[in-house]
Amino acid sequence: MLIMEREMHNLFDRFQYNSRILKGERKALDPGFVPDRLPHRESEAEKIAEILVPSLSGQRPSNIIIFGKPGVGKTSVMQFVEREANRVIDTRFSLKLKIININCGVIDNPYGILLNIGNHLLGDWEDKLPFTGWPIDKLFNVVQEKIDNFGGIVIVVMDEIDRLVKKSGDGVLYQLLRINETSSAGKLSIIGISNDLRFTDYLDPRVKSRLIEETLVFPPYNATQIYDILRDRSLFSGILDSTDDSALQLCAAIAAQDQGDARRAIDLLRISVELAEMKQLEKINDDLIYEAKKKLERDIVTETISTLPLHSKIALLSIVLLDEIKRGTKTSMGEVYDLYCKATQRIGVSSLTPRRIADIVGELTNLGLVDSVVQSFGRYGRTTMISMNYDGDKIKELLMEDDSIGMLQDVKPSQKSLTES
Ligand SMILES: Nc1ncnc2c1ncn2[C@@H]1O[C@H](COP(=O)(O)OP(=O)(O)OP(=O)(O)O)[C@@H](O)[C@H]1O
Ligand SMILES: [Mg+2]
């Protein structure tokens, strides 16, 4: 009897996938999934293909920079174009064309970039290049030699190229772009993708003029477009029958308001499927989408806070603690700085300047964790007034997970600093 009961009830039952909701491919709701069809990005894919066409007859295609806010399909469209191009390459043996994809969010240093390109150009019989230790010039010379030996066109797709430039400067781009001027046999083109529209400000004019031969901007999606994307994904993952149309529309509307980000829409849908399965529901309705929205926001805040640098965490904690004491009235930058200094002293690190803390508060505002406005006090000047934009208790709890911050639980502002400001 006991055995039977054990067989009937399993600890994991509650978490088991409820087939009443999902009848197709679960992977269609995965963050990294690239579908065969990308609705509303057909013209962008065609435009890239058009620019790359000369490479099919041995000509170097123009370098391209692709811009667009997060989640507007840049990576997916590029992967789709690469897939299509590789299908052509696979059928035309005489075609000397190689496409190398590098995620500069992961590989953000010159050595890594050159190593990646070099390793893609090795013959089957050759050993991989050493992943560390060579002087960069030696590595570059080997890469240039490999490109020449290949004697065709190498297209290097650099996704999140802004991360490389911000982390390591544009030296390696300069070297790569100059290959076409110094090599005779092989040619190289770069396709750079970035969601930071200002990243080209960081480029040396010599790099900028060579790199930006063609520019493509992906606009944000509107609600109707996101709805179409979601419908496609629902169809493929087999949740369409168990999803209210109004829920899909709501999901699309929320994501459209949030910068037209398709990733956010798909995340919302995936989380609502998971919630439905957990609760053993048969339908995905509007309420579930709202619940998924709350969960997603909580997840994003958790991730954002855990990855903040120490001084940003201390500044944020100071704002939370002051908000607690002042019960809703705004906090001045002076008060924040004062408490921040007390906190840094307590844990034995030196304080940053008021200017840097003002920058940090600006960053926390951009992340949506706090609100700040500049308030004028007539002839007494102006100051930034700060308030919480999210549940203070929750933020404090997340900050306390950092051991150094845990020591600051009871740090208090001096009465003097509060009354003076
Ligand atoms: N037109 C589309 N059709 C179907 N799915 C799409 C479309 N556009 C984006 N997606 C999906 O949305 C998610 C985000 O897209 P993608 O990663 O391509 O965005 P991105 O522009 O590269 O964003 P980021 O700047 O953050 O890297 C992916 O899961 C992708 O499959
Ligand atoms: Mg991307």
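Every number for a ligand or one of its atoms is a count from 1 in the order of the listing. Residues take their numbers from the sequence shown, with the count starting at 1. Only this structure's heavy atoms are used, side chains among them; waters, hydrogens and symmetry mates stay out.
A salt bridge links Lys283 to Asp244: at least one charged side-chain nitrogen sits closer than 4.0 Å to a carboxylate oxygen. Ion pair Asp232/Arg37 flagged as a salt bridge, since at least one NZ, NE, NH1 or NH2 atom sits closer than 4.0 Å to an Asp/Glu carboxylate oxygen. Salt bridge present: Arg41 and Glu44 bring a charged side-chain N and a carboxylate O closer than 4.0 Å. One finds a salt bridge joining Lys146 and Glu126 here, because a Lys/Arg side-chain nitrogen approaches an Asp/Glu carboxylate oxygen to under 4.0 Å. By the 4.0 Å N-to-carboxylate-O rule, Arg87 lies too far from Glu82 to be salt-bridged with it. Note on Lys166 versus Asp196: salt bridge recorded, some NZ/NE/NH1/NH2 to OD/OE distance being below 4.0 Å. Salt-bridge check for Glu401 with Lys313: failed, with every basic side-chain N at 4.0 Å or more from each acidic carboxylate O.
Tested against Asn389, the residues Leu367, Leu369, Asp371 include a single side-chain contact (heavy atoms from CB on, under 4.5 Å) partner, Asp371.
Using a 4.0 Å cut-off to heavy atoms of Pro39, the atoms of ligand 1 that qualify are 1 (N), 2 (C), 3 (N), 4 (C). In summary, the atoms of ligand 1 found under 4.0 Å from a heavy atom of Asn195, numbered by their order in the structure, are 24 (P), 25 (O), 26 (O). Within ligand 1, counting atoms from 1 as listed, the ones closer than 4.0 Å to a heavy atom of Pro70 are 23 (O), 24 (P), 25 (O), 26 (O). Remark: ligand 1 atoms within the under-4.0 Å shell around heavy atoms of Ile266 are 11 (C), 12 (O).
Only the side chain of Arg41 comes within contact range of ligand 1, with a heavy atom under 4.0 Å; no backbone atom does. When non-hydrogen atoms are compared, ligand 1 lies under 4.0 Å from the side chain of Arg233 (C-beta onward) but not from its backbone. Residue-level proximity to ligand 1 for Ile229 is carried by the side chain, the only part with a heavy atom below 4.0 angstrom. Heavy atoms of Thr75 found under 4.0 angstrom from ligand 1 belong to the backbone as well as the side chain.
The protein heavy atom nearest to atom 21 (O) of ligand 1 is Lys74 NZ, 2.7 Å. Protein heavy atom nearest atom 7 (C) of ligand 1, with residue, atom name and distance: Tyr221 OH, 3.4 Å. The single protein non-hydrogen atom nearest to atom 10 (N) of ligand 1 is Ala262 CB, 4.0 Å, given as residue, atom name and distance. Protein heavy atom closest to atom 14 (C) of ligand 1, with residue, atom name and distance, is Arg263 CB, 3.7 Å. Among protein heavy atoms, the minimum distance from atom 23 (O) of ligand 1 is reached at Gly71 N, 2.8 Å.
For the pair Pro31 and ligand 1, the shortest N or O to N or O distance falls below 3.5 Å. Residue-to-ligand polar distances keep Val34 apart from ligand 1: every N/O pair is separated by 3.5 Å or more. For ligand 1, the polar-atom distance check against Ser76 finds a nitrogen or oxygen pair separated by under 3.5 Å. Looking at Val72 next to ligand 1, an N or O pair under 3.5 Å apart turns up. At least one N or O atom of Phe33 sits closer than 3.5 Å to an N or O atom of ligand 1.
Aromatic rings of Phe33 and Phe236 (six-membered ring for Trp) have centroids within the 6.0 Å cut-off, being under it.
Ser76 lies apart from the Mg ion (ligand 2) in this respect, since none of its N, O or S atoms is found at a distance under 2.8 Å.
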Criterion ring-ring contact (aromatic ring centres under 6.0 Å, His included) on Phe199 and Tyr202, from CA distance to verdict: CA-CA 6 Å; Phe199 109 91; Tyr202 298 93; 7.6 Å; no

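Side-chain contact annotation: Arg355 with Tyr337, donor-acceptor N/O pair under 3.5 Å absent. With 3.5 Å as the limit, one finds no donor-acceptor pair spanning the side chains of Ser332 and Thr383.
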